[in-house]
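Note that the coordinates shown come from a computational prediction; the quantities given were computed from them, not determined experimentally. In what follows, residues are counted from 1 in the order of the sequence shown.
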Amino acid sequence: MELELAGRRALVTASGGGIGAAIAGRLAAEGCAVLVHGRDAARTEKVAERLRAAGGTADTVLGDLTDEDAASEVAGHAAAWNVDVLVNNAGPVAEHDWENAGPAAWLAAMNGNVLSAVRLIQGVLPGMRARGWGRVINLGSRGATTPLPNLVEYSAAKAAVVNMTTSLARHLAGTGITANTVSPGVIVTEGMRKLFEDGAARRGWPRQWDELEPLVAAEYAPNPTGRLGTTDDIAATVTFLASPLAGYINGINLRVDGGIAPVP
């Protein structure tokens, strides 16, 4: 399917690896020029080089989005780059429950997941408005609708992301700019896969991933699809929502989680 993204310009935050890198790669493959963002110069440039080697157009921008001054610089760079697709993928996660999530943890979750996105949205919206077209896609989480007991402040912050995205879509009515949330389920990144492989022996499970994944899916993330998600599952969804073909999809929270069962 031709997604009509050639010539568009995208910023994908936290795209030096994992889900962000997959999104950047899929957008570039569809003809988007991609601004790869990260905090580690070497990792960020490596992704950009990979996109360019595949025939895409890519540049990099560095900055800690939890810091107001650094985020302002990233937003300014994105605005000067005429970004018309903003993918807010950055969002720190930390394990806390109600017994050990102190005020500092709650503030960090809101700053890293909500305010980091707000800073960039406010930075690029004027240019999108002037051009009469844009896409804002914020990454949520399954925890936004089924709060995870070991990720209490993260789940609440992602619920705020869903809420603010719907608010933004309504605010932008008639501008040609849409705003949507994509909420991943359990996605196999390199780090997550290693975590389960390293812990397999303690459970008496096989370490071979093709044998291990069905067990992890059944025990940790039961869902009717029968597997865990991939970074490409998220990248494909985000890329479609970024395209002109998705112009009538606005203000939604799209769960990409295999139909995972709610947390009891």
Using a 3.5 Å distance criterion without hydrogens, assess whether the side chain of [X] forms a donor-acceptor pair with backbone atoms of [Y].
X      : Y      : value
Arg52  : Ala58  : yes
Arg207 : Ala200 : no
Asp232 : Ala236 : no
Thr225 : Gly258 : yes
Ser243 : Phe240 : yes
Arg119 : Leu65  : yes
Gln208 : Asp210 : no
Asn89  : Val87  : no
Asn111 : Leu107 : no

Can you see which heavy atom on [X] is nearest to which on [Y], and at what distance?
X      : Y      : answer
Gly143 : Ser155 : O-CB, 3.3 Å
His96  : Ala101 : CB-CB, 3.6 Å
Leu3   : Leu245 : O-CD1, 3.8 Å
Pro224 : Ile260 : CD-N, 4.5 Å
Val162 : Ser183 : CG2-OG, 4.4 Å
Thr66  : Gly112 : CG2-CA, 3.8 Å

Report task. Please test Thr230 against Asp233 for side-chain hydrogen bond (donor to acceptor under 3.5 Å, both in side chains), starting from the C-alpha separation and ending with a verdict. Result -> CA-CA 5 Å; Thr230 68; Asp233 288 325; 3.2 Å; yes
Requested in this report: Could I get the full list of salt bridge (charged side-chain N to carboxylate O under 4.0 Å, His left out) partners for Arg203, not counting sequence neighbours?
Outcome: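 Partners of Arg203 under the salt bridge (charged side-chain N to carboxylate O under 4.0 Å, His left out) test: none.
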More than 12 heavy atoms of other residues, nucleotides or ligands under 6.0 Å from [atom1] of [X]: is that the case?
X     : atom1 : result
Arg43 : CZ    : no
Arg39 : CZ    : no
Glu68 : CD    : no

Requested in this report: Using the side chain to side chain contact (heavy atoms under 4.5 Å, CB included) rule, take Thr165 and Asn253 through it: C-alpha gap first, then chi angles, then the decisive distance, then the call.
Outcome: CA-CA 9 Å; Thr165 306; Asn253 176 31; over 6 Å; no
Query raised in the report: Stepwise, does the side chain to side chain contact (heavy atoms under 4.5 Å, CB included) test hold for Leu5 with Leu27?
Result: CA-CA 8 Å; Leu5 276 166; Leu27 286 169; 4.2 Å; yes
Report task. Apply the side chain to side chain contact (heavy atoms under 4.5 Å, CB included) test between Pro184 and each candidate in Thr231, Leu254, Leu139, Val256; give the one that qualifies. Result ->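 With Pro184 as partner, Thr231, Leu254, Leu139, Val256 yield a single side chain to side chain contact (heavy atoms under 4.5 Å, CB included), made by Leu139.
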Could you measure the distance from the [atom1] atom of [X] to the [atom2] atom of [Y]? Nearest 0.5 Å is fine.
X      : Y      : atom1 : atom2 : answer
Leu120 : Leu115 : CG    : CG    : 11.0 Å
Asn163 : Leu168 : CG    : CG    : 11.5 Å
Leu86  : His37  : CG    : NE2   : 11.0 Å
Asn180 : Thr237 : CG    : OG1   : 11.5 Å
Asp97  : Leu148 : CG    : CG    : 12.5 Å
Arg131 : Asp84  : CZ    : CG    : 5.5 Å

Is there a side-chain contact between [X] and [Y], using heavy atoms and a 4.5 Å cut-off?
X      : Y      : answer
Arg227 : Glu213 : yes
Leu62  : Glu73  : no
Thr13  : Val74  : no

Query raised in the report: Step by step, would you call Tyr220 with Leu228 a side chain to side chain contact (heavy atoms under 4.5 Å, CB included)?
Result: CA-CA 10 Å; Tyr220 182 74; Leu228 304 178; 5.6 Å; no
**Report entry** Plane angle bin for Trp98 and Trp106 - parallel if under 30°, tilted between 30 and 60°, otherwise perpendicular
**Finding:**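 Trp106 and Trp98: tilted rings.
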Requested in this report: Determine, stepwise, if the pair Trp81 / Leu11 fulfils side chain to side chain contact (heavy atoms under 4.5 Å, CB included).
Outcome: CA-CA 9 Å; Trp81 219 64; Leu11 165 63; over 6 Å; no
Query raised in the report: Does a side chain donor of either Thr60 or Thr44 reach within less than 3.5 Å of an acceptor in the other side chain?
Result: no
